Amino acid sequence: ATDEIKDYVPTAAPVMPEPEPESTGEAEVFEIVEKQPSYPGGEAARQKFIAKHLVYPPLAIENQKQGTIIVEFIVEPPDGRLSNVKAIKSFDDDCSREAERVVRMMRWTPGEQRGKAVRVKVRMPIKFRLQ
């Protein structure tokens, strides 16, 4: 029995792997990718879409409010639908809600990383200017 004890060589405790971050079931969201998401038809088409659908809130007109709303959203593969639409910089709550409403109507061409469509966070300015 003493031979068994003598032959026993302690080994280091096994290294436990770091636990994986909890998966929410959603793919990673990129901010910088090889091919950024784009609005079909380019910048001019994007501005035209916004101009066509944006309704300047009457109270903001009455109070002569104008400025830029920055809307952040995620372009989702495979169809370019937008999720997590939120105004992150604002000068007026009504204008923020209107900017978010219009952005939710848009469809983009998804961004790509290593030739594969991925989720990409985008920040886009929407200007409210009184004529």
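Count residues from 1 along the sequence. These numbers were taken from a predicted model, which means no experiment stands behind them.
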Atom pair OH/CD of Tyr39 and Gln47 - distance to nearest 0.5 Å
11.5 Å
Nearest 0.5 Å please: distance from the OG atom of Ser90 over to the CZ atom of Phe128.
8.5 Å
Least distance between heavy atoms, [X] atom then [Y] atom:
X      : Y      : answer
Tyr56  : Ile61  : CD2-CG1, 3.4 Å
Lys127 : Thr68  : CG-OG1, 3.6 Å
Ala60  : Cys95  : CB-SG, 3.7 Å
Pro40  : Arg107 : CD-O, 3.4 Å
Arg119 : Ser83  : NH2-OG, 4.1 Å
Val120 : Gly111 : CG2-CA, 4.1 Å

Is a side-chain donor or acceptor of [X] paired with a backbone partner of [Y] at a separation under 3.5 angstrom?
X     : Y      : value
Asn63 : Lys65  : no
Gln66 : Leu130 : yes
Glu31 : Lys121 : no

Joint hydrophobic cluster, [X] plus [Y], side-chain heavy atoms closer than 4.5 Å:
X      : Y     : value
Val71  : Ile74 : no
Val102 : Ile70 : no
Ile88  : Phe30 : no

Met124: partners by side-chain contact (heavy atoms from CB on, under 4.5 Å), with sequence neighbours left out:
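Per chain and number, Met124 pairs via side-chain contact (heavy atoms from CB on, under 4.5 Å) with Arg46, Ile50, Phe73, Val103, Met106, Trp108, Ile126.
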Salt-bridge present (Lys116, Glu34; N to O < 4.0 Å)
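No, no charged N to carboxylate O under 4.0 Å.
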Would you call Glu72 and Lys86 a salt bridge, using N to O less than 4.0 angstrom?
no
Listed by chain and number, what are the side-chain hydrogen bond (donor to acceptor under 3.5 Å, both in side chains) partners of Glu98, not counting sequence neighbours?
Arg101
If you apply the rule side-chain contact (heavy atoms from CB on, under 4.5 Å), what do you find for Val75 with Leu82, and how did you get there?
CA-CA 5 Å; Val75 179; Leu82 307 184; 3.7 Å; yes
Neighbour count >12 (heavy atoms, 6.0 Å) for atom CZ, Arg129:
yes
